[in-house]
There are 2 protein chains.
Amino acid sequence: MGKTVIELEKVAQVLKLLGDKTRLTIMGLIKDGECCVCEFVEVLQMSQPSISQHLRKLRDAGLVKEQRRGQWIFYSVNTNHPSYLIVQQVLEQIPDQKEKLQALEEAGLRIQCDM
Amino acid sequence: MGKTVIELEKVAQVLKLLGDKTRLTIMGLIKDGECCVCEFVEVLQMSQPSISQHLRKLRDAGLVKEQRRGQWIFYSVNTNHPSYLIVQQVLEQIPDQKEKLQALEEAGLRIQCDM
DNA sequence: TGCAAATATAAGCATATGCTAATATACTAA
DNA sequence: TTAGTATATTAGCATATGCTTATATTTGCA
């Protein structure tokens with residue numbers, strides 16, 4: 001697969017979105033999995049509307065996908081995004097967020113949905 | 001060389017700085033070289049104070065180095081920055097800015113300083 | 001049907017950001 | 001020393017951003 005150069009302006013837009021502690025953590029949490037909104041709220045200890053607004057920005061830019069399953073909406077990284085390579089490289093550089101999800105699981109707060 | 005994981009907050013700060021069209025272009029222009037302020041002004045077609053303010057942010061964060069030579073101050077990428085790897089990977093993904101500098105050179109506007 | 005849980009949206013507000021205009025500083029050369 | 005060039009800094013202003021509070025929407029379940 002050849003290297004694709006992406007318009008500078010598009011890259012700047014993606015970096016701007018990732019350049020926020022909350023959104024970068026969200027992306028780290030779903031680096032290789034998915035989470036629903038209430039899990040983000042629990043892990044990040046932020047209000048639900050605030051999380052929803054960050055998710056909307058990420059979704060509007062196409063960086064994440066959403067999928068409703070029952071009463072929950074699960075978010076995951078959109079690996080088809082033109083700038084996914086950059087996203088991936090960035091997420092390689094930040095501390096692993098898995099332990100935060102494990103803590104959730106141990107507290108019995110991880111959402112399991114089999115629908 | 002082992003992989004170093006950098007604090008998420010620090011990474012977010014760097015991405016925020018790169019998440020601006022002007023600053024990203026500046027970084028692209030000095031990806032493998034150096035430029036002085038008047039060259040940025042010419043290439044980006046922006047006011048000198050505006051460029052200076054962007055350069056200050058990049059310098060305050062340690063992403064660029066400055067070196068005075070005569071009446072000019074030359075800026076270059078600080079390859080020793082903790083997040084330099086990320087910076088480098090990002091700059092790989094944007095269109096090459098060299099041609100803009102070549103155009104400057106052909107117009108006789110490139111600064112040559114032998115001090 | 002009716003209520004509770006999960007999520008989204010909108011309005012309002014405080015702070016951050018990026019630009020311009022004006023001015024200050026540093027260096028060069030006559 | 002004086003003028004000119006390059007750069008930095010400051011103040012002011014308009015817009016963008018992120019949060020809170022309040023409310024709407026969707027789904028599950030009794």
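Model, not experiment: these values are computed from the prediction. The analysis underlying the following values was restricted to heavy atoms, covering all of them including side chains, and did not include hydrogens, waters or symmetry mates. So that the names make sense, note that chain A is the first sequence line, chain B the second, and so on, each numbered from 1.
Residue A:Lys16 places no side-chain N or O under 4.0 Å from the OP1 or OP2 atom of C:dT17. For B:Ser50 and C:dC19, the shortest distance from a side-chain N or O to OP1 or OP2 is below 4.0 Å. Considering only side-chain N and O atoms, B:Tyr75 lies nowhere under 4.0 angstrom from the phosphate OP1 or OP2 of D:dA6. Regarding contacts with the backbone of C:dA8, every side-chain N or O of A:Arg59 stays at 4.0 angstrom or more from both OP1 and OP2. Close to C:dC27, at under 4.0 Å from its OP1 or OP2, lies no side-chain N or O of B:Arg69.
A:Glu42 has its CD atom 11 Å from the P atom of C:dA6, to the nearest Å. We find that CG of B:Asp60 is positioned 9 Å from P of D:dT9, with the value rounded to whole Å. One can place CD1 of B:Ile51 at 18 Å from C1' of D:dT5, the figure rounded to the nearest angstrom. Here C:dT15 presents its P atom at 18 Å from CG of A:Asp20, a figure rounded to the nearest Å. Rounded to an integer number of Å, the gap from A:Met46 CE to C:dA8 P is 14 Å. Rounded to a whole Å, the CD atom of A:Glu39 is 11 Å from the P atom of C:dA6. In this structure, B:Leu24 atom CG and C:dG18 atom P are separated by 13 Å, rounded to whole Å. Between A:Ile111 atom CD1 and D:dT27 atom C1' the separation is 14 Å, expressed in whole Å.
For C:dA26, its base never sits under 3.5 Å from the side chain of B:Gln71 at any donor and acceptor pair. A donor-acceptor contact under 3.5 Å is formed by the side chain of A:Gln53 with the base of D:dT20.
When heavy atoms are screened at a 4.0 angstrom cut-off, A:Glu66 is found touching the sugar-phosphate backbone but no base atom. Within 4.0 Å of B:Lys21, counting heavy atoms only, lies no atom of the nucleic acid at all. Using a 4.0 Å heavy-atom distance criterion, A:Phe40 is classed as making no nucleic acid contact.
Heavy atoms of other residues, nucleotides or ligands lying less than 6.0 angstrom from CD of B:Gln88 number more than 12. In this structure, B:Lys31 places its NZ atom where more than 12 heavy-atom neighbours from other residues, nucleotides or ligands lie under 6.0 Å away.
Looking at which nucleotide of DNA chain D each of A:Arg68 and A:Lys57 is closest to, the 5′-most match is held by A:Lys57. Heavy-atom nearest nucleotides on DNA chain C were determined for B:His54 and for B:Pro49, and the one closer to the 5' end corresponds to B:His54. Where B:Val37 and A:Ser47 each meet DNA chain D at their nearest nucleotide, the meeting point lying more 5' is that of B:Val37.
Proximity of a side-chain donor or acceptor of B:Gln53 to a complementary backbone N or O of B:Ser50 within less than 3.5 Å is not detected. Of the possible polar contacts, none joining the B:Gln45 side chain to the B:Val43 backbone as a donor-acceptor pair under 3.5 Å is found.
Annotation: cation-pi pair B:Arg59/B:Tyr75 absent, no NZ/CZ under 6.0 Å from the ring centroid and within 45° of its normal.
The two residues B:Val37 and B:Ser52 have their closest heavy-atom pair at CG1-OG, 4.2 Å.
Comparing atom distances between the B:Thr22 side chain and each of D:dT7, C:dC19, C:dA6 picks out C:dC19 as nearest.
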